Every structure is written in C-alpha cells, then in structure tokens.
Amino acid sequence: GRGAFQDLVEDWTGVDIASTLKSFIKKTFYEAEAESLPFKDETFDAIWTITVLEHVNIPEKALSEILR
C-alpha cells in the first residue's frame, strides 16, 4: 500500500506488487509478490499485513512465505 503506517516503527520495510507505490514510501521498499518474497528465512521479527490475502492468487503460499 501507500505506507500509511510506516512511521509507527523505526525499522520498517514495505512490500507491494505495484512499483508505482514507491513514490509514497520514505523507507525501504520492495516490489514483490506475497507468494515469493525476496528475503532470507527469519529476516523479520514480525510481519504486518493489511488487506493483503484477499488479493493474492495463492494465499496459502503467501502465508508460508510470511512464516519462514
């Protein structure tokens, strides 16, 4: 999304399928699909998603990516 909550935490990384959203992001941003995230295992302590799973083709794969 447009990074509405990016200022809630210091170490924030955004991910979205649309590269056009990068113009709204002040912090680290990756263009990627939820089913294939470009991060090593155990990169993050927490993952926050808002209105994401209803937009992905394979929600189970996205959840698997989040879990790893």
Side-chain angles (χ1 to χ4, degrees):
R2 293 184 178 194
F5 303 109
Q6 64 185 301
D7 294 324
L8 292 179
V9 294
E10 184 176 329
D11 188 16
W12 182 94
T13 300
V15 177
D16 201 287
I17 194 170
S19 63
T20 55
L21 295 175
K22 185 173 180 143
S23 63
F24 298 98
I25 307 300
K26 299 178 284 184
K27 297 185 177 182
T28 306
F29 176 83
Y30 290 85
E31 179 184 354
E33 294 184 5
E35 299 95 333
S36 181
L37 296 172
F39 307 109
K40 294 179 183 178
D41 291 359
E42 300 181 13
T43 297
F44 301 102
D45 294 325
I47 305 293
W48 184 356
T49 66
I50 300 173
T51 65
V52 173
L53 294 176
E54 65 269 26
H55 298 288
V56 298
N57 293 322
I58 308 169
E60 297 83 5
K61 176 66 175 155
L63 288 170
S64 176
E65 282 289 280
I66 289 170
L67 180 62
R68 70 172 181 82

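Model, not experiment: these values are computed from the prediction.
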Taking only residues two or more places apart in sequence, or in another chain, which ones meet W48 in a ring pair (Phe, Tyr, Trp, His ring centres under 6.0 Å)?
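Residues passing ring pair (Phe, Tyr, Trp, His ring centres under 6.0 Å) with W48: F5.
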Mind listing the closest non-hydrogen atom pair of [X] and [Y] along with its distance?
X	Y	answer
Y30	P38	CD2-CG, 4.0 Å
V9	K27	O-NZ, 2.7 Å
R2	F24	O-CB, 3.5 Å
I58	E35	N-OE2, 3.1 Å

For [X], give me all partners under salt bridge (Lys or Arg N to Asp or Glu O under 4.0 Å), at least two apart in sequence or on another chain.
X	answer
K61	E65
K40	none
D11	none
D7	K26

Counting only heavy atoms from other residues, nucleotides and ligands, does the tally under 6.0 Å from CG of D41 exceed 12?
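Yes, enclosed.
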Within the supplied structure, the quantity of interest is the number of heavy atoms (other residues, nucleotides, ligands) at a distance under 6.0 Å from E54 CD; does it exceed 12?
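Yes, enclosed.
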Check which hydrophobic residues are tied to L67 through side-chain heavy-atom contacts below 4.5 Å, counting indirect links as well, and list them.
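Its cluster mates, by chain and number: none.
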Are any non-hydrogen side-chain atoms of R68 and L37 less than 4.5 angstrom apart?
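Of all side-chain heavy-atom pairs linking L37 with R68, at least one is under 4.5 Å.
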If hydrophobic clusters are built from ILVMFWY residues whose side chains come within less than 4.5 Å, do V56 and L63 share one?
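Yes, same cluster.
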Using the rule that Ile, Leu, Val, Met, Phe, Trp and Tyr join whenever any side-chain heavy atoms are under 4.5 Å apart, tell me whether I66 and V15 fall into a single cluster.
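Same cluster.
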Atom [atom1] of [X] and atom [atom2] of [Y]: how far apart are they, to the nearest 0.5 Å?
X	Y	atom1	atom2	answer
E31	D16	CD	CG	8.5 Å
I17	T20	CD1	OG1	11.0 Å
W12	F29	CH2	CZ	7.5 Å

